[in-house]
Amino acid sequence: MTPRVILHADMDAFYASVEQRDRPELRGVALVVGGKPPRGVVAAASYEARRFGIRSAMPSVEALRRCPDLVFLPGDMAKYGRESKRIFAIFARYSPDVEPLSLDEAFIDVTSCLRAHGDAPPLEIGRRLKDDVLRETGLCVSVGIGPVKMIAKIASDASKPDGLLEVMPDEVRAFLAPLPIGRLWGVGPVTEAALLRAGLATVGALADLEVSELARRAQRVGGGCTPAALERLWRLARGEDAREVEPEREAKSYGEENTFAEDVHDVRVLSDAIGQHAEAVARRLRKDEVAGTVVRLKVKSTERLAMPGKYRQYSRQESLPEATDDGATIARTARALLARGELPMPVRLIGVAVAGIRSRTASMGEQMSIFAPPRNRELNRALDAITARFGAGAVRRGAGGADKASPTLGVKRGE
DNA sequence: TCTGGGGTCCTAGGACCC
DNA sequence: TCTGGGGTCCTAGGACCC
């Protein structure tokens with residue numbers, strides 16, 4: 001079997017770079033896109049800000065402490081979305097097999113179209129891709145190339161900023177071996193700490209274990225690291241990653257949530273927020289012509305956990321007899337979940353999500369299901385039309401009053 | 001007066017069916 | 001007086017990713 005050629009393309013400091021491109025006065029300035037103190041976090045930091053040690057996912061208060069002159073931008077998701085479309089249109093010219101990971105990041109499997117690229121070496125293909133993106137959008141992208149997804153991803157990360165790095169199949173083990181264990185895709189803070197305690201500090205140390213040792217070592221690692229989980233990581237550490245590039249992944253859930261500016265003691269405020277989230281989720285379901293059978297309520301209390309910055313969280317869900325895309329139905333179900341039992345007050349965050357997603361048409365063929373009570377369908381159509389024209393804040397069903405949900409900003413770690 | 005919001009995947013227990 | 005084992009669905013929680 002000939003090895004695959006997989007590119008991982010990842011925009012450099014995406015949101016921050018878009019802002020600096022469009023506003024020349026921001027060039028050379030330490031800035032972040034994200035939520036302001038006291039409760040916000042950094043979604044993206046310009047390279048000038050990174051010189052102060054500011055990183056994605058850092059609390060904004062901490063960022064401000066490191067750089068008192070830091071400029072905060074709220075971010076413009078609609079703009080980043082448009083920019084994302086342009087970038088993905090470029091990616092699509094390189095292969096039909098493009099798997100988005102986020103607005104600014106994708107795997108591109110070019111194995112089957114090497115000929116179409118004039119049998120150019122992979123590194124040359126990566127170079128052309130970078131040039132196209134820079135010329136057409138004015139933005140920088142880093143590209144990693146490898147025989148499997150994870151290697152391509154780590155390579156792009158290692159090459160940043162403005163990077164281009166190919167790891168050949170016979171170089172994989174040597175490339176991975178010296179990396180700290182936390183760089184492995186799927187090893188976060190909790191697993192990293194557990195692996196370190198078990199004496200596995202580098203990817204190479206894990207890769208060098210004998211298969212027969214794994215079960216015993218998993219015992220030593222503990223902390224929820226099952227033998228199966230450790231074996232998965234072990235394979236990744238050896239550069240074995242069988243996952244294919246999947247161009248057509250459908251969303252499995254749609255959710256909206258918000259952290260309140262201040263802790264909430266009033267159930268009516270929670271109920272109102274549920275209503276807004278339910279309508280927002282429903283609008284997105286209808287826009288994508290899908291519906292879901294599971295309604296999920298998420299509540300974050302103010303109780304802190306041992307991990308810094310973590311709070312105790314509760315979730316309750318209910319399966320519906322039929323798939324729905326109706327905000328009123330989602331809201332009613334979520335409110336019933338809220339009322340089902342005592343929850344510790346006050347509340348820091350509340351969220352509503354719909355899962356069990358199926359396409360509207362497929363579902364109708366299956367079971368003649370109708371997603372909203374007939375009397376609501378006219379109303380929903382009207383709501384969608386008004387929202388499309390005037391934006392999400394223009395119209396709201398029922399009584400209002402709660403804080404508006406904060407804008408959505410994805411975090412880009414390790415750019 | 002100290003960490004967001006969008007997701008995915010995995011695990012584990014219990015209910016239920018055959 | 002006794003009760004296996006597999007499969008599937010549901011729910012809750014947690015780790016992880018960007």
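Computation of the quantities below employed the complete heavy-atom set of this structure, encompassing side-chain atoms and omitting hydrogens, waters and symmetry-equivalent molecules. Here is how names work: the chains are called A, B, and so on, in the same order as the sequence lines, proteins then strands, and each is numbered from 1.
Two residues, A:Pro59 and A:Gly255, neighbour DNA chain B, and the one matched to the more 5' nucleotide by heavy-atom proximity is A:Pro59. Of the two residues near DNA chain B, A:Ala251 and A:Lys310, the one whose nearest nucleotide lies more 5' is A:Lys310.
Using a 4.0 Å heavy-atom cutoff across all strands shown, A:Lys298 reaches no nucleic acid atom at all. Nucleic acid contact class of A:Pro37 (heavy atoms, under 4.0 Å, all strands): none. Nucleic acid contact for A:Ser60: none, since no nucleic acid atom lies under 4.0 Å from a heavy atom of the residue. When heavy atoms are screened at a 4.0 angstrom cut-off, A:Glu62 is found touching no nucleic acid atom at all. Counting non-hydrogen atoms under 4.0 angstrom, A:Arg348 reaches the backbone sugars and phosphates but no base. Within the 4.0 angstrom heavy-atom criterion, only backbone atoms of the sugar-phosphate kind lie near A:Arg340; the bases stay farther away. When heavy atoms are screened at a 4.0 angstrom cut-off, A:Val294 is found touching no nucleic acid atom at all.
For the P atom pair drawn from B:dT1 and C:dC17, the interatomic distance equals 33 Å after rounding to whole Å. B:dC2 and C:dC18 have their C1' atoms separated by 22 Å, with the value rounded to a whole Å.
Whole-Å rounding puts the A:Arg55 CZ to C:dC17 C1' distance at 18 Å. Between A:Lys36 atom NZ and B:dT1 atom P the separation is 17 Å, expressed in whole Å. Distance A:Lys300 NZ to B:dG6 C1': 13 Å, rounded to the nearest Å. Between A:Glu192 atom CD and C:dA15 atom P there is a gap of 14 Å when expressed in whole angstrom units. The distance from atom CE of A:Met150 to atom P of C:dC18 is 13 Å, rounded to the nearest whole Å. As rounded to whole Å, 18 Å separates atom P of B:dT1 from atom CZ of A:Arg65. Protein atom CG of A:Leu184 is 18 Å distant from nucleotide atom P of C:dA15, rounded to whole Å. In this entry the distance linking CG of A:Asp10 with C1' of C:dC18 reads 9 Å, nearest Å.
Scanning all heavy atoms of the two residues, the minimum distance from A:Ala63 to A:Leu70 falls at CB-CD2, 3.7 Å.
Contact annotation: A:Lys153 reaches the phosphate of C:dC18 (side-chain N/O to OP1 or OP2, under 4.0 Å). Within the 4.0 Å cut-off from OP1 or OP2 of B:dT3, not a single side-chain nitrogen or oxygen of A:Thr259 is found.
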- Message: Strictly under 4.0 angstrom, non-hydrogen atoms only: write out the protein contact profile of nucleotides 9-14 of chain B, one letter per nucleotide from the 5' end, B, S or -.
- Response: SSS---
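A salt bridge does not link A:Asp241 to A:Arg235: none of the charged side-chain nitrogens sits closer than 4.0 Å to a carboxylate oxygen.
Residues A:Phe91 and A:Phe88 bring their aromatic ring centres within 6.0 Å.
Of the residues listed (A:Leu230, A:Leu195, A:Leu206), the one engaging A:Arg217 in a side-chain contact (heavy atoms from CB on, under 4.5 Å) is A:Leu230, and it is the only one.
Every residue meeting the salt bridge (Lys or Arg N to Asp or Glu O under 4.0 Å) condition with A:Glu99, not counting sequence neighbours, appears here in chain and number order: A:Lys149, A:Arg249.
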- Item | Pairing pattern in dot-bracket form [Watson-Crick, G-U; both distances under 3.5 Å; | = partner strand] for DNA chain C | ....||||||||||||||
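In this structure, A:Glu136 places its CD atom where more than 12 heavy-atom neighbours from other residues, nucleotides or ligands lie under 6.0 Å away. Enclosure of atom NZ in A:Lys36 is not indicated, since only 12 or fewer non-hydrogen atoms of other residues, nucleotides or ligands lie within 6.0 angstrom.
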